[in-house]
Structure formats: C-alpha cells, structure tokens
Amino acid sequence: MPRACRVCTDRRRDEIDAALTAGRSIPAIAREVGLPESNLYRHRKDHLTAAATSLVHRPAALMSSIEFLEERDRDLASVQTMAITRGHTQSAVAALSQRIKIGLEIANLRGEILPKPRSAFFATLDKETAARIANSYLKHEALSHAIIDVCQK
C-alpha cells in the first residue's frame with residue numbers, strides 16, 4: 001500500500017499548493033514549511049495537475065498580462081496573413097518569430113512550461129588559454145564601446 005503524501009496530509013496544504021502553483025522556489029517553500037524538498041517536488045509532479053494550476057487560480061494581473069499577449073498574438077497573426085498574401089516572406093517570418101516568442105511567454109505564464117534543470121560546468125584553464133580568452137574578451141569589449149560611441153554621435 002502506497003504511503004500518504006506528506007504534503008497532502010499537512011495542515012498547510014492549501015498554502016503550499018498556492019506557493020507551488022505561483023512558481024515559488026521549492027527550496028524556499030521547503031525551508032518555510034519544514035518539509036524535505038523531495039516531498040514538494042514529488043507532490044508537485046504527482047498531485048498538482050493542469051487543473052490545479054489553471055488560470056482560475058491565477059491573479060488578475062497575470063490574467064491581464066496573458067490577455068494582452070493573446071491580443072498581440074492576434075495582431076501579429078493578421079500581419080503574418082497579410083504578409084503571406086502580399087508575398088512578403090521576410091515580414092511573414094518576422095511576424096511568425098514574434099508569435100512564437102509570445103506563445104512561449106503565454107505558456108510560461110500559465111505554468112505549462114517547466115523550467116529546465118540547470119547544470120554547472122567547471123573548467124580549469126592553463127595560464128596561456130586564460131590569457132588568450134581574456135584578451136579576446138577585452139578586444140570585443142573595446143570594439144563594442146567603439147561602436148556605441150559611433151552610434152551615439
């Protein structure tokens with residue numbers, strides 16, 4: 001027989017669910033409520049369905065942001081259609097590119113996209129390689145500043 005979920009049986013479950021649904025950091029929530037992070041990750045995966053994280057539980061400000069983005073997406077869809085009709089491929093592709101960005105942002109705000117796990121990469125460089133990288137960075141930084149100066153004139 002499976003064990004009961006510690007989060008589901010906790011008296012602060014509604015508070016924990018609200019924090020998880022809002023996208024707060026699991027380590028921070030775990031420290032606040034005194035439960036292991038693994039329990040919170042498991043609870044989120046097993047018990048917080050799409051319905052639990054639906055827009056019904058989202059704040060009004062978030063809803064207005066999503067509605068604003070959806071309106072912009074409709075505007076870009078019109079631009080894209082017009083560009084295709086008139087044979088302006090570059091404009092159609094630009095509109096599509098912006099629509100993809102907006103679609104990703106909407107999905108992110110709705111909680112439909114989980115953050116990718118981050119991995120750390122550490123490398124040890126010899127002095128010669130480190131110096132070459134540093135010089136390259138300084139050259140590019142100097143070039144960037146020179147371009148900015150020219151553009152500001």
Side-chain angles (χ1 to χ4, degrees), residues 1-85 88-127 129-138 140-141 144-145 148:
M1 176 179 225
R3 283 184 356 188
C5 173
R6 285 184 64 186
V7 176
C8 287
T9 58
D10 193 286
R11 63 181 168 73
R12 299 161 294 181
R13 179 183 177 178
D14 290 339
E15 175 188 333
I16 295 169
D17 283 350
L20 289 169
T21 303
R24 289 202 42 228
S25 156
I26 286 184
I29 299 168
R31 281 191 301 274
E32 287 176 18
V33 298
L35 290 173
E37 291 176 25
S38 60
N39 287 351
L40 294 169
Y41 282 108
R42 192 176 313 108
H43 175 74
R44 181 180 68 183
K45 179 177 73 78
D46 295 343
H47 302 285
L48 288 184
T49 63
T53 59
S54 71
L55 296 177
V56 174
H57 300 289
R58 299 297 176 133
L62 181 59
M63 288 297 295
S64 64
S65 296
I66 291 171
E67 290 166 359
F68 174 81
L69 289 171
E70 287 172 337
E71 189 176 324
R72 296 296 71 78
D73 182 55
R74 285 189 294 275
D75 294 342
L76 283 167
S78 298
V79 169
Q80 183 182 3
T81 302
M82 187 184 320
I84 290 170
T85 304
H88 296 259
T89 307
Q90 188 172 1
S91 297
V93 170
L96 176 60
S97 174
Q98 292 305 309
R99 291 187 68 204
I100 290 169
K101 290 177 184 176
I102 287 173
L104 287 169
E105 186 61 30
I106 290 170
N108 187 35
L109 289 171
R110 288 181 174 158
E112 297 169 350
I113 297 177
L114 296 176
K116 292 182 181 179
R118 296 180 182 199
S119 59
F121 174 76
F122 298 97
T124 305
L125 301 175
D126 58 273
K127 286 184 179 183
T129 303
R132 193 174 71 242
I133 292 171
N135 286 333
S136 175
Y137 170 77
L138 292 173
H140 288 291
E141 184 179 36
S144 295
H145 288 296
I148 291 170

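What you see is a predicted model; the values in this text were computed from it and never measured. Note: hydrogens, waters and symmetry copies are ignored here, and every other heavy atom, side chains too, is used.
Scanning both residues, Leu35 and Ala30, for their nearest heavy atoms gives O-CB, 3.2 Å. Here the shortest heavy-atom pairing between Leu76 and Ala95 reads O-CB, 3.9 Å.
Evaluation of the salt bridge (Lys or Arg N to Asp or Glu O under 4.0 Å) test over residues 21-40, restricted to residues two or more places apart or in two chains, returns Arg24-Glu32. Pairs passing the salt bridge (Lys or Arg N to Asp or Glu O under 4.0 Å) check and including a residue from residues 90-99, sequence neighbours excluded, read Asp73-Arg99. Under the ring pair (Phe, Tyr, Trp, His ring centres under 6.0 Å) criterion, no residue pair touches residues 21-42, with sequence neighbours excluded.
Leu69 meets the side-chain contact (heavy atoms from CB on, under 4.5 Å) test with Ile102, Glu105, Ile106, Leu109; sequence neighbours excluded. Applying the side chain to side chain donor-acceptor pair (under 3.5 Å) rule to Asp17 yields the partners Arg13, His43; only residues at least two apart in sequence or on another chain are considered. The side chain to side chain donor-acceptor pair (under 3.5 Å) test applied to Asp126 returns Thr129, not counting sequence neighbours. Every residue two or more places apart in sequence or in another chain that forms a side-chain contact (heavy atoms from CB on, under 4.5 Å) with Ser38 is listed here: Pro36, Arg42. Evaluation of the side chain to side chain donor-acceptor pair (under 3.5 Å) rule for Arg72 yields Asp75 as partners, not counting sequence neighbours. Among residues two or more places apart in sequence or in another chain, the side chain to side chain donor-acceptor pair (under 3.5 Å) test is passed with Arg74 by none.
Between the side chain of Thr81 and the backbone N or O of Ala77, at least one donor-acceptor pair lies under 3.5 Å.
Rounded to the nearest 0.5 angstrom, Leu20 CG and Ile29 CD1 are separated by 4.0 Å. Asp14 CG to Arg12 CZ: the interatomic distance, rounded to the nearest 0.5 Å, is 12.0 Å.
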